[in-house]
Structure formats: C-alpha cells, structure tokens
Protein chains: 2
Amino acid sequence: MDTHETAPVQGLNPAQLHAWMRFVAVVELVPGLLDSQLQRDSALSHFEYYVLAMLSEAPNRTLRMTGLSSMTNSSLPRLSHVVKRLEERGLVKRSPCPTDRRATNAALTEEGWAVVQEAAPGHVRTVRENVIDPLTDEQVAQLDAISNQLLMKLDPTNRLNPRAPEGA
Amino acid sequence: MDTHETAPVQGLNPAQLHAWMRFVAVVELVPGLLDSQLQRDSALSHFEYYVLAMLSEAPNRTLRMTGLSSMTNSSLPRLSHVVKRLEERGLVKRSPCPTDRRATNAALTEEGWAVVQEAAPGHVRTVRENVIDPLTDEQVAQLDAISNQLLMKLDPTNRLNPRAPEGA
DNA sequence: ATGTATTAGTTGTTGTTACAAGTAATGTAT
DNA sequence: ATACATTACTTGTAACAACAACTAATACAT
C-alpha cells in the first residue's frame with residue numbers, strides 16, 4: 001500500500017498530533033532561550049545557573065553531589081564535570097563529607113553567591129517575559145498540572161512526586 | 001507588580017514559581033527521553049529522526065537546506081553537520097539546486113525512507129505513553145493552546161503560526 | 001574477620017552542538 | 001560592467017554531554 005497518506009508520525013489523532021508538534025517545538029526552543037540569555041548576560045549555562053541556584057537555597061549553601069544531581073535532573077557524571085569547572089572558576093568549593101567518606105559536599109563560595117545574585121533578575125525576567133506573561137493565570141495553573149502529570153512518568157527517581165515508583 | 005528580592009528565583013508569585021519549576025523539569029527531561037528511545041531502537045537522535053521525518057513528508061521527499069532548518073527549529077550550521085553525517089550513512093542525498101546554485105537540496109534515499117518507516121512506530125509509542133496518554137483530552141487541548149501561545153514569543157520566524165498572531 | 005555487593009564520585013573517550021569565519025552565488029545600484 | 005551587500009551553505013574549533021570504565025568507602029553476610 002502507498003504509505004503516502006500516513007506520515008511517519010502515526011497513531012495519534014489529529015488533535016493529539018497537532019498538540020505534540022507544537023509541544024516538541026517548545027521543548028526544543030526553551031533550553032536555547034535560557035542558555036543564550038544566561039550565557040550572554042552572566043557567562044553561565046542554564047544548567048550551571050541551576051546548580052548554583054540550588055546550592056544557594058540549601059542549608060549552609062551546601063549539598064551532597066548526589067542530592068544536587070537529582071535536584072538538577074542530571075546524572076552524577078555530568079554534575080561532576082560541571083562542578084569541577086565551577087570550582088575552577090571559584091564559584092563552588094568541594095570538600096569530602098565528614099560523616100561518609102565516599103561522599104563529597106559542594107558548597108557555594110561567596111563569589112558564587114554573588115554571581116547567582118547578579119544573574120537571577122535577568123533570568124527571571126526572561127522566564128517571565130517568555131513563559132509566564134504570555135499565559136493567563138489559568139493557563140499557568142494548567143501548565144503546572146500538566147507538568148506534574150508528565151513528571152510522574154518522566155521523572156526517573158520520582159523525587160518531585162512523593163509516590164511509590166513502579167518497578168524499574 | 002514586579003518584585004525585586006534577593007533569592008535566585010524571585011519575581012514570580014508562588015503559583016508561577018511552582019509551575020515554572022515543574023515545567024523546566026519537563027523541558028529538560030523530554031529530549032533525553034526521545035533521544036534514548038530512538039537511539040536504542042533505531043540508532044537515531046531525535047533531531048536526526050525529525051530531519052528524516054520532515055523530508056519524508058515533503059514533495060519528492062526533498063527540501064532545501066534552509067527550509068529544512070526552519071522546519072526543524074535548527075540553525076543552518078547544525079543542520080549542515082547533521083545532514084552530512086546522514087549522507088555518509090546513506091540516508092540522505094545532497095545535490096545542488098538547479099534553479100539557485102547557492103542552494104542545496106536534501107533528499108531522502110530509499111534507505112532513509114525505510115529507516116524512518118521503521119523508526120516511526122516506536123517513536124510514536126513513546127510519545128503516546130509518556131506525553132499523550134498521561135493527559136486527559138482536555139489537557140492535551142490545553143497543552144496545544146499553551147504551546148501556541150509560547151511559540152508566538154519563542155519562534156523567531158513564526159513559521160509554525162501561519163495565522164497572524166494577536167496584535168503585539 | 002573476610003569476601004561480596006552497593007553506593008558515591010571521578011575520569012576518559014567519543015560524538016554533538018554552538019559560534020565564528022570562510023566560500024560561492026545572487027541581487028542591486030551605479 | 002563593476003562594486004557592494006545579501007543569501008545559502010560549509011567548515012573549523014572549542015565547549016559540552018552521554019556513556020562506560022574506574023577508584024574508594026561502606027554495608028551486609030557468613
């Protein structure tokens with residue numbers, strides 16, 4: 001049979017397909033938007049910013065690498081490389097954890113704190129202008145609900161959803 | 001109503017902040033999900049799949065590089081590198097455009113067509129299981145509307161919004 | 001105590017992406 | 001016809017991420 005009518009994206013009804021195509025476009029464009037603003041204004045990738053932001057909100061501005069990696073949705077190897085570079089730039093300081101000598105604590109330095117503080121307003125403005133303000137309050141609430149729904153499936157460790165994960 | 005406060009993520013009210021944190025997590029996790037399924041089952045990145053899929057739907061299974069780059073939300077350099085690799089793998093064939101000798105046409109080969117056809121069902125199943133099925137029909141419609149709203153700001157060329165956007 | 005498995009993290013390799021620079025064809029104005 | 005700008009694309013380089021392999025500490029079982 002000629003498959004010309006059935007495109008490579010099948011199995012979704014027209015409404016679902018349309019929603020998906022728009023959603024993928026958003027998902028592909030948002031990271032670049034965040035990265036380029038932060039890179040331009042603060043010489044940080046979005047991931048680096050997120051790492052610093054999580055540390056800045058932690059007690060003592062300090063977290064274990066493992067905890068930090070799950071808070072930033074990243075693998076431990078990726079985090080390790082990034083924290084190493086941040087340490088070389090003087091924004092973070094690593095030290096062995098006293099209670100468990102396998103573990104490493106990552107702490108924000110004073111300079112790191114200052115960098116996050118300076119980067120935050122521009123970042124928040126970008127988020128507001130590009131994501132929050134274009135939506136109604138109702139849509140923001142819908143996006144929250146939808147994201148939570150998706151994270152139940154997507155989030156490997158379910159750390160954002162206090163529910164028992166299905167077998168893995 | 002703008003607020004200037006000291007923590008890294010501020011200037012958003014609690015509802016907005018919560019929605020944003022969940023949404024970023026989704027945006028960070030979805031590409032990895034698509035990539036790993038396609039990589040595992042079809043040895044393609046999601047971007048490569050998308051390039052092949054766009055070609056497979058084009059008249060003659062052929063597109064100009066520039067057109068293809070905007071359809072895939074990518075820069076021309078990025079597309080050029082990817083198409084070069086796809087050509088080396090025999091999935092795409094490039095040829096100079098007869099009417100404009102600056103331009104290059106990228107065409108899907110028979111093998112490329114076969115590869116997309118084989119990859120499609122698994123990809124669609126992943127999308128359905130992880131994005132569409134967790135949502136109600138109403139939420140899918142909401143996601144569509146929200147994505148469109150965001151693309152008006154995000155999509156530089158508005159190529160996904162054929163109709164005139166609301167007056168801005 | 002000793003051996004094994006698990007956890008925590010780092011490092012190396014390989015491939016991809018972004019950015020900037022370069023080439024070539026085309027359009028436009030004089 | 002010549003000069004200049006623009007468009008279309010390619011290529012080189014440097015940063016980044018994914019994956020796998022590695023080291024070291026801890027937990028558990030006998």
Side-chain angles (χ1 to χ4, degrees), chain A residues 27-40 42-51 62-89 92-107 156-157 168, chain B residues 27-40 43-51 62-89 92-107 156-157:
Chain A
V27 156
E28 302 268 314
L29 290 171
V30 166
L33 172 81
L34 302 176
D35 275 328
S36 58
Q37 181 271 320
L38 280 165
Q39 200 65 252
R40 174 168 45 80
S42 309
L44 292 171
S45 70
H46 178 244
F47 183 71
E48 290 168 335
Y49 173 82
Y50 209 73
V51 166
T62 301
L63 285 169
R64 295 261 288 262
M65 291 294 283
T66 300
L68 191 50
S69 81
S70 71
M71 293 176 71
T72 54
N73 307 310
S74 87
S75 64
L76 206 39
R78 180 186 182 187
L79 182 67
S80 179
H81 280 127
V82 168
V83 167
K84 183 183 178 188
R85 285 179 226 131
L86 290 174
E87 188 170 35
E88 286 163 0
R89 292 165 64 180
V92 165
K93 180 77 185 359
R94 277 185 294 188
S95 52
C97 174
T99 68
D100 182 342
R101 283 187 305 182
R102 293 171 299 181
T104 303
N105 286 328
T157 61
Chain B
V27 156
E28 302 268 316
L29 290 171
V30 166
L33 172 82
L34 302 176
D35 276 328
S36 59
Q37 180 272 320
L38 280 165
Q39 200 64 252
R40 173 168 46 78
L44 292 171
S45 69
H46 178 244
F47 183 71
E48 290 169 336
Y49 173 82
Y50 209 73
V51 166
T62 300
L63 285 169
R64 293 262 291 262
M65 291 293 283
T66 299
L68 190 51
S69 82
S70 71
M71 292 176 72
T72 54
N73 306 311
S74 88
S75 64
L76 205 39
R78 179 186 183 189
L79 182 67
S80 179
H81 280 127
V82 168
V83 166
K84 183 183 178 186
R85 294 191 285 264
L86 290 173
E87 188 170 34
E88 286 163 0
R89 292 164 64 181
V92 164
K93 180 77 186 352
R94 275 185 296 188
S95 52
C97 174
T99 67
D100 182 342
R101 282 186 306 183
R102 293 170 301 180
T104 303
N105 286 328
T157 60

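Both backbone and side-chain heavy atoms feed into the values below; hydrogens, waters and symmetry mates do not. Each chain gets a letter, A, B and so on, in the order its sequence line appears, and its residues count up from 1.
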Upstream residue (5' side of DNA chain C) when A/N105 and B/R85 are each assigned their closest nucleotide:
A/N105
Specify the residue among B/P98 and B/P77 whose closest nucleotide of DNA chain C lies further upstream toward the 5′ end.
B/P77
[X] has an atom [atom1]; how far is it from atom [atom2] of [N], in whole Å?
| X | N | atom1 | atom2 | answer |
| --- | --- | --- | --- | --- |
| B/L86 | C/dT17 | CG | P | 11 Å |
| A/E28 | C/dT16 | CD | C1' | 14 Å |
| A/L33 | C/dA18 | CG | P | 14 Å |
| A/M65 | D/dA24 | CE | P | 18 Å |
| A/R89 | D/dC16 | CZ | C1' | 13 Å |
| A/Y50 | D/dC16 | OH | P | 20 Å |
| A/L76 | D/dA18 | CG | P | 13 Å |
| A/R78 | D/dA18 | CZ | C1' | 10 Å |

Determine whether a donor-acceptor pair (one donor, one acceptor, N or O, separation below 3.5 Å) exists between the side chain of A/R102 and the base of C/dT7.
yes
Do [X] and [Y] have side chains that approach each other closer than 4.5 Å (heavy atoms only, starting at C-beta)?
| X | Y | result |
| --- | --- | --- |
| B/S74 | B/V82 | no |
| A/R94 | A/S80 | yes |
| A/Q39 | A/L44 | no |

Under 4.0 Å, counting only non-hydrogen atoms across every strand here, what does B/S80 touch: a base, just sugar-phosphate, or nothing?
base
So B/D35, base contact, sugar-phosphate only, or nothing? Heavy-atom distance under 4.0 Å.
nothing
Closest nucleotide of DNA chain D for A/T99 versus for B/K84: which of these residues is on the 5' side?
B/K84
By nearest nucleotide on DNA chain D, pick out whichever of B/S36 and A/Q39 is the more 5' one.
A/Q39
Quick one: is D/dT10 close enough that its OP1 or OP2 comes under 4.0 Å of any side-chain N or O from B/R94?
yes
Counting just side-chain N and O atoms, does A/R101 come under 4.0 Å of either OP1 or OP2 of D/dT26?
yes
Stacking here means centres under 5.5 Å and planes under 30°; does A/H81 stack on C/dT11?
yes
Closest non-hydrogen atom pair between A/S69 and A/L79, with its separation:
N-CD2, 3.5 Å
For B/M71 versus B/Y50, what's the shortest heavy-atom pair and its separation?
O-CE2, 3.5 Å
Among D/dT26, D/dA8, C/dT16, which nucleotide sits nearest the side chain of B/E48?
C/dT16
Looking only at the side chain of A/A103 (C-beta and beyond, no hydrogens), which of the listed nucleotides D/dA20, D/dA17, C/dA8 gets closest?
C/dA8
